[in-house]
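Chain letters run A, B, ... following the sequence lines, proteins first and then strands; every chain starts at 1.
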There are 2 protein chains.
Amino acid sequence: MALPSVRRSVLVDDVIQRLRDEITSGRWPMGARIPTETALIAELGIARGTLREATRALIHAGLLQARQGDGTYVRATSELSGAIQRLDSELGEVLEVRQGLDAQAAGLAAARITPEALDRLDALLARRATAWRQRDRDAWILADHAFHQAVATGAGNSLLSDLYAALGPALRRSMTAHWDDHGFDGADPRGHEDLLDALRAGDAVRAARSATSNIDATGDWHGTSSPSRPGPG
Amino acid sequence: MALPSVRRSVLVDDVIQRLRDEITSGRWPMGARIPTETALIAELGIARGTLREATRALIHAGLLQARQGDGTYVRATSELSGAIQRLDSELGEVLEVRQGLDAQAAGLAAARITPEALDRLDALLARRATAWRQRDRDAWILADHAFHQAVATGAGNSLLSDLYAALGPALRRSMTAHWDDHGFDGADPRGHEDLLDALRAGDAVRAARSATSNIDATGDWHGTSSPSRPGPG
DNA sequence: AAACATAAAACGTCTGACCTTTAACGTCCA
DNA sequence: TGGACGTTAAAGGTCAGACGTTTTATGTTT
């Protein structure tokens, strides 16, 4: 017989899917405490061990977080972040990937970003500049990353946006580390005004070039970056 | 008390880490059947439920695959692939992300790829051309993807390479779907000779441009692609 | 009002049993 | 001899109950 087996689904997988749906659908929002094991057992009509296997899978995936004596909470809505962090890549590698995504995001956003998103980018750029003037490291990193993330979101590609978000923690760590090594001298005083202009003009080529012009962790093969200062920005 | 709790590690997490190490270290190679639950219980000195929670986590992550009545097998060495597939992104989105990674990979590879890798690229290109002449869809898709993957690997960035590999299944599905819609007419008869030339010359800018010149699922903002034929290539 | 003791609730782990599926073995018959 | 078939052992899947550990809330005391 070559019939590839009906493969009656494994109960645990159904439960995982069920719990996952509650999270991705938003019925269990970020940060919320999900029902207790006892409650879920009763509602789903399964044994505790089966439920625990399901929740453990989602905990490992990064979607849930269990706290003994307290409860289980929604920690994320995508498994990408956890998976990427488990690779614990080197900082330079993360920056290189970010650069590729940045360029693509900028190019796509030039054609798709909405006026409202452009306004938000403007505000984020202002916050970034303020943090710079005040020499506020954490605020600057946060604003810079929020700007880039907003561009990625403006690209209208949820996979791209999710990927960028998943790289977020590693990127912030990278930024902080770089900062601790070089201080404010190592960072880029320039803003992203040029990129924002390009997005406003709908100029994809210029936007893509601008997005990568002042980040370069590996040698400046993009040709437009200043060779002497390879800093995050 | 503000002491953020010593948080004595949870046993299951230790077990997960232990199993994960066996996989990533290669002691349990791809496709191998891992020891039986009974054996692992004895070796680790834990209860069956605890072990099952650990294995279930890795099963959901895509590293393991359990088959009732048979055993548990190593299915992958990275969790990225499973996480990305669970997003079930639209085909166009995957192609856009691929485009960004392609450009970055090509640019980096121009500076880092080894002569041996270049030879391999040459061979893959030949295979790709042969498949095209013989109108062998599956062989063509396989060779094309292998070429791109080899470029990504040649970039000397393991995160980039892993990401590209993780997108593989979705990309192949995308290719196949595109093919079923358009047949050989929709595909790109051009090869990647220009890209290979650029890599050989160490010309990063040309390599990056060439990598994205003939893929375009979203409008040809890269400026060098022919506007009339948006096909995978 | 602050500090301490107590109890309840939630997740963590263990034990043992039984079910379902698969693979391997051995037997039987053409 | 070789294939078909039935048996059986082994592996993962599910259930049930018990007890441990941690956190939070409660309530009492000083």
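B:Q17 pairs by the side-chain hydrogen bond (donor to acceptor under 3.5 Å, both in side chains) definition with B:D21, not counting sequence neighbours. By the salt bridge (charged side-chain N to carboxylate O under 4.0 Å, His left out) test, B:R172 pairs with no residue at all, sequence neighbours left out. Residues passing the salt bridge (charged side-chain N to carboxylate O under 4.0 Å, His left out) test with B:R33, sequence neighbours excluded: B:D70. Applying the side-chain hydrogen bond (donor to acceptor under 3.5 Å, both in side chains) rule to A:T72 yields no partners; only residues at least two apart in sequence or on another chain are considered. Listed by chain and residue number, B:R27 satisfy the side-chain hydrogen bond (donor to acceptor under 3.5 Å, both in side chains) test with B:E22 (two or more places apart in sequence, or in another chain). Applying the salt bridge (charged side-chain N to carboxylate O under 4.0 Å, His left out) criterion to A:R48, with sequence neighbours excluded, gives A:E37. A search for salt bridge (charged side-chain N to carboxylate O under 4.0 Å, His left out) contacts involving A:E79 returns A:R20, B:R86, not counting sequence neighbours. By the side-chain hydrogen bond (donor to acceptor under 3.5 Å, both in side chains) test, A:D14 pairs with A:S9, sequence neighbours left out.
In this entry the distance linking CD1 of A:I41 with P of C:dG12 reads 13 Å, nearest Å.
Of all the residues in residues 15-30 of chain A, not one reaches under 4.0 Å from DNA chain C with any non-hydrogen atom.
Using five terminal pairs a side, the axes of the helix from C:dA1-D:dT30 to C:dA30-D:dT1 at its two ends make an angle of 10°, given in steps of 10 degrees.
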Base versus backbone protein contacts along nucleotides 8-16 of chain D [heavy-atom cut-off under 4.0 Å; B, S, -]: ---BBBBB-

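No donor-acceptor contact under 3.5 angstrom links the side chains of A:E96 and B:Q104, judged on distance only.
The salt bridge (charged side-chain N to carboxylate O under 4.0 Å, His left out) contacts involving residues 149-168 of chain B comprise nothing, where partners must be two or more places apart or lie in separate chains.
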